[in-house]
Amino acid sequence: MSTFGKGCHLHLIDGSAFIFRAYHALPPLTRKSDGLPIGAVSGFCNMLQRYVDGDHGPDAPTHLAVIFDKGSHTFRNDLYDLYKANREAMPEDLRPQIPLTRQATEAFNIPCKELEGYEADDIIATLAHQARDAGGRVTIVSSDKDLMQLVGDGVEMFDAMKNKRIDRDGVFEKFGVFPDRVVDVQALAGDSVDNVPGAPGIGVKTAALLINEFGSLEELLDRAEEIKQPKRRQTLIDMRAQIELSKRLVALDANTPLDFTLDELELRDPDPEKLLGFLAEMEFRTLTKRIADKLGAEAPVIPEAPAPAAQAEDAPAPEQVAFDPANYECVRDAAALAKWIAQARERGWVAVDTETTSLDEMRAELVGISLAVEPGAACYIPLGHRDGDANDLFGSDKLAEGQMPLQEALDLLKPVLEDDAILKIGQNMKYDAKIFARHGIDVTPIDDTMLMSYAMHGGKHGHGMDALSEMYLGHVPIPIKPLLGSGKSAITFDKVAIADATAYAAEDADITLRLWQLFKPQLHRVQVTTVYETLERPLVPVLAEMEMHGVKVDRDVLSRMSNAFAQKMAGLEAEIHELAGEPFNVGSPAQVGEILFDKMSLPGGTRGKTGKYSTPADVLEDLATEHEMPARILDWRQLQKLKSTYTDALQGHINPETGRVHTSYSITGANTGRLASTDPNLQNIPVRTEEGRRIREAFVAEPGNVMVSLDYSQIELRILAHIADIPALKQAFADGLDIHAMTASEMFDVPLDQMTPEIRRRAKAINFGVIYGISGFGLARNLRIPRAEAQEFIDRYFQRFPGIRTYMDDTIAFAKEHGYVQTLFGRKIHTPEINAKGPHAGFARRAAINAPIQGTAADVIRRAMVRMPGAIRDLPAKMLLQVHDELLFEVAEDAVDATIAAARDVMEGAADPAVRLDVKLVVDAGRGANWAEAH
DNA sequence: GACATCACG
DNA sequence: GACGTACGTGATGTCC
């Protein structure tokens, strides 16, 4: 055995990173014989084997160890009890796999090191220093930014996911400083993942700027007075202690007491019997065989256990085809395209993606189409690329060479895209479907990987392709940013060189296809196939049609209102300045706060986290009873909101070709199953104030048509009555009573005929509070009553309707056990924070209580929307908008009654037959020349 | 780009 | 016993 020194190269694998990556990259595999979850172990072993056998060239290891975390309490928790406090709980099926990964490491005969009370990062730091001091080199296998401070002097990192080494320059790219100043930057910027506080309002960019200017964190803090920006200066002076604490949290401890030496980490061969024994015990057939072959040993026989359930299976495809842009074909003529079409027909599926000039599908021009039929087998068909030489005024608009005519490609593709026997797979298919629809192609049938992810993982993480690819395929897609640039110099996709576009676009289709292959079999294992097939996927064509049809908005009405608002605001502004005795920016909450609380010394000035005064409406309303100024500011703010967000901005959203406004609904935007509306958001058009409501007068029907609005009456309270099984509430709904008055009567012992508006108002607030996961504090603030009194109301409510308490307790218990809650229709809403410690827990609990109620209501209207096109097919009526519990239609005058009848039937029966509600659903209808009248 | 504010259900 | 609190969204303006 030699002594570690010059010429030696120590590789340190961050064990936890390997485990999590393996866990997320693979489906939830279980051991056939007994159902033990082993997906992460399987992935871990594959990654370990691949790393050991990999070709590292001149960076090959002479010494190797895998380092793990041990215990949850470290010296950092003693410094700061909130450190890593917002970490998600470990998934249930991962926990039992952790000890197995230790066993796996030992089976590979690789030293496996951990130390109670220290994070793996500290052990890595200590070993890296020791190895470097002994004259050797070090490679840290991890992409964790917390380890970047160790880079330099022969220490480098290796990002196994991106297959990329990270040296001093790589660290500089990430942090804007070299490794020796990384902790300084981290101390300032903080870290929301580990809950390191840092300095409020300062991110990595600003931190690097400051550190580079002053040389070091200590120098910066000592000379903080010299900082020019006043807010930044104050923050650094005020927050000094917190920043210094942050530095101690992020700095790694390179002096952990280790009970082993570097020499013990020397690379050694595995004992075939031990390694194969372990792999066989795990029942990894493919891997056992592969390693047996390599070691020249006999593969142990793994008994073919009778599968307990159909779902248990070995790794479906552990051999992943590598992503390689060189494999992608650029399709430039009909003959080449025909080959891809034939492949799609042969398989019965094809992944499709479109590239266009805009994210707005109503304005976007088709630039190219990519297809994928198997992992790694993808192509790009450029159709609308233009020569991007901006200096050439004449050539800049010409189609680039080597593209087939757009119409020719579409003519060839149309039969495939519309063929019932060929499944079209997309990521956010609504976008592509709209693009194709504008070229007369009705894409069907479809699958959508974004919606699959939403059905399976809603609440856990986002569902964008980049995130899904990284999480589930372990591959970081080619970013679009470098291709398009940003800011003023940004270009559209048609100006991207065809070679670059091919690599990018074909990869998107490739990724989509791989995600689909991974997700498709998982849907039924997670038991969300029905959710996906009835509540998500069928919504795509329905929403696409609504969005493309749009809603007519009268520009003149908006424009006149904008002018009127501007005039009023000018008057108010002058009045406010007069009252203040000086001019200031009324639109700046900070300046408003200074005037009200400093200059005028009004009470109630609280500061937000950035140190500025907080001036929300409820605070100003309280002041407005005594003072003129806050009242005028509130008036001004209301007008400012109406003007900027609605009467001004909405005009810009009127499509010049259609004269209508085309919103975009996000199916996966809200965790509960609600839709979200963007560009513009038509789900928050004012209605609560008279002045605001008049904006709805601009939403009009075409001549000869009428706006018709149908909305569910009290749908969330009805669902609550059903789910929590509250007889009194159910009876009240059955009798058609005023539900809030009834609640008030029950709670306060007031007969219905003696009910006052004030008592009813309180009961109404409590009813809503229950749906939101009520708290004494919240109700007190809402009703502006003392907290004790609010708590008393709540206690009385629970006493009168005990089922509510049971529902809340059961829901939280369910969420804690399973990590999700469910709607009546089986939608799962994950609650990853439910077992967290600290303030997150409260949020998570209330969200868990609300989600089944809000989510079930969302499911109900989704079901109604899916059935609506069929129900009104023969009527001259169009469904235009959805606003959570309301559907807006544009209907020919003579068909209004028929449409209301048909739509009401669909909406009131939307839960049937899947769910038999104890409470009937009631739909109110209205009609008029515009949305204000119809609502 | 973070934060504060406010529009909706 | 303290903590910080109604649930779910999106758009805008200020300020750094």
Side-chain angles (χ1 to χ4, degrees), chain A residues 82 200-206 209 227-233 235 459 585-593 607-620 633-634 637-638 640-646 648-650 653 663-666 669-689 692-693 695-696 711-712 714-716 765-766 768-783 787 790 794 829 837-855 857-858 861 882-886 935:
Chain A
L82 290 178
I202 293 185
V204 169
K205 284 250 169 70
T206 312
L209 209 72
I227 297 169
K228 290 167 206 78
Q229 299 86 343
K231 286 288 168 301
R232 201 177 280 177
R233 182 193 323 129
T235 301
N585 187 348
V586 187
S588 164
Q591 292 181 33
V592 167
R607 293 179 187 272
K609 60 183 284 190
T610 45
K612 289 193 268 268
Y613 278 118
S614 172
T615 63
D618 54 346
V619 171
L620 264 49
I633 291 173
L634 282 169
R637 274 191 188 168
Q638 196 204 358
Q640 156 77 12
K641 184 77 174 187
L642 295 178
K643 182 171 187 293
S644 68
T645 310
Y646 301 105
D648 285 352
L650 224 38
H653 282 288
T663 184
S664 178
Y665 287 104
S666 163
N671 286 335
T672 52
R674 275 194 177 178
L675 301 178
S677 157
T678 63
D679 309 302
N681 181 356
L682 295 185
Q683 291 183 319
N684 70 346
I685 303 301
V687 71
R688 291 175 186 172
T689 65
R693 186 158 47 234
I695 291 171
R696 295 191 175 212
D711 69 287
Y712 284 107
Q714 308 285 9
I715 187 168
E716 293 195 349
I766 298 171
F768 278 105
V770 166
I771 291 171
Y772 298 153
I774 199 158
S775 76
F777 184 94
L779 183 65
R781 202 161 66 104
N782 189 285
L783 285 177
R787 197 175 152 177
I794 294 170
I829 297 131
K837 292 265 169 280
H840 308 81
F843 282 111
R845 285 214 322 272
R846 291 190 296 272
I849 290 168
N850 173 259
I853 304 168
Q854 187 182 121
I861 197 164
Q882 187 251 45
V883 193
H884 309 309
D885 63 359
E886 173 189 5
H935 186 78

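Everything quoted here is computed from the prediction, not taken from an experiment. Throughout, a chain's letter reflects where its sequence line sits, starting with A, and its residues are numbered from 1. Just so you know, these numbers use all the heavy atoms, side chains as well, and skip hydrogens, waters and symmetry mates.
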task: Please state how far atom NE2 in A/His840 lies from atom P in C/dT5, giving the value in whole angstrom units.
output: 12 Å

- prompt: Roughly, in whole Å, what's the span from CD in A/Gln591 to C1' in B/dT5?
  reply: 15 Å

- prompt: According to a strict under-4.0 Å criterion, is A/Gln638 in side-chain N/O contact with OP1 or OP2 of B/dT5?
  reply: no

query: Across all strands shown, which nucleotide pairs with B/dG1 by Watson-Crick or G-U wobble geometry, both distances under 3.5 Å?
result: C/dC15

- prompt: Rounding to a whole Å, what distance do you find between A/Gln640:CD and B/dT5:C1'?
  reply: 11 Å

task: Using only side-chain N and O atoms of A/Thr610, determine if any of them is under 4.0 Å from OP1 or OP2 of B/dA4.
output: yes

- prompt: Which pair of heavy atoms, one from A/Ala780 and one from A/Ala790, lies closest together, and at what distance?
  reply: N-CB, 3.6 Å

- prompt: Any idea which of C/dG10, B/dG9, C/dC7 is nearest the A/Asn850 side chain?
  reply: C/dC7

query: Taking N and O atoms by type only, does the side chain of A/Ser644 place a donor or acceptor under 3.5 Å from a partner on the base of C/dT12?
result: no

- prompt: Given atom OH of A/Tyr772 and atom P of C/dT9, what is their separation to the nearest angstrom?
  reply: 13 Å

Any donor-acceptor N/O pair under 3.5 Å between C/dG13 base and A/Arg637 side chain: no

message: I'd like to know if A/Arg787 reaches the base of C/dT5 with its side chain, counting only an N/O donor and acceptor under 3.5 Å.
response: yes

field: N or O in side chain of A/Asn671 less than 4.0 angstrom from C/dG8 OP1/OP2
entry: no

message: Using the P atom as the point on both nucleotides, what is the distance between B/dT5 and C/dA6, in whole Å?
response: 14 Å

message: Looking only at the side chain of A/Arg846 (C-beta and beyond, no hydrogens), which of the listed nucleotides C/dC7, C/dC16, C/dT12 gets closest?
response: C/dC7

message: Checking contacts here: which listed nucleotide (C/dG10, C/dT5, B/dG9) is nearest the side-chain heavy atoms of A/Phe843?
response: C/dT5

query: Of all the nucleotides listed (C/dA6, C/dC16, C/dA11), which has the minimum atom distance to the side chain of A/Lys231?
result: C/dC16

field: B/dA7: pairing nucleotide in any strand, Watson-Crick or G-U under 3.5 angstrom
entry: C/dT9

message: Rounding to an integer number of Å, can you tell me how far A/His935 NE2 sits from B/dC8 P?
response: 10 Å

task: Would you indicate, yes or no, if B/dA4 has its OP1 or OP2 atom less than 4.0 angstrom from a side-chain nitrogen or oxygen of A/Thr615?
output: no

query: So, is A/Ser614 close to the B/dT5 phosphate, meaning a side-chain N or O under 4.0 Å from OP1 or OP2?
result: yes

- prompt: Any side-chain N or O of A/Arg688 less than 4.0 Å from the OP1 or OP2 oxygen of B/dA7?
  reply: no

task: Report yes if at least one side-chain N or O of A/Ser588 is closer than 4.0 Å to OP1 or OP2 of C/dC15; otherwise report no.
output: yes

statement: Atom CZ of A/Arg693 and atom P of B/dC8 are separated, to the nearest Å, by 10 Å

Separation between the P atoms of C/dT5 and B/dA4, rounded to whole Å: 12 Å

Donor/acceptor link under 3.5 angstrom from A/Lys641 side chain onto base of B/dC6: yes

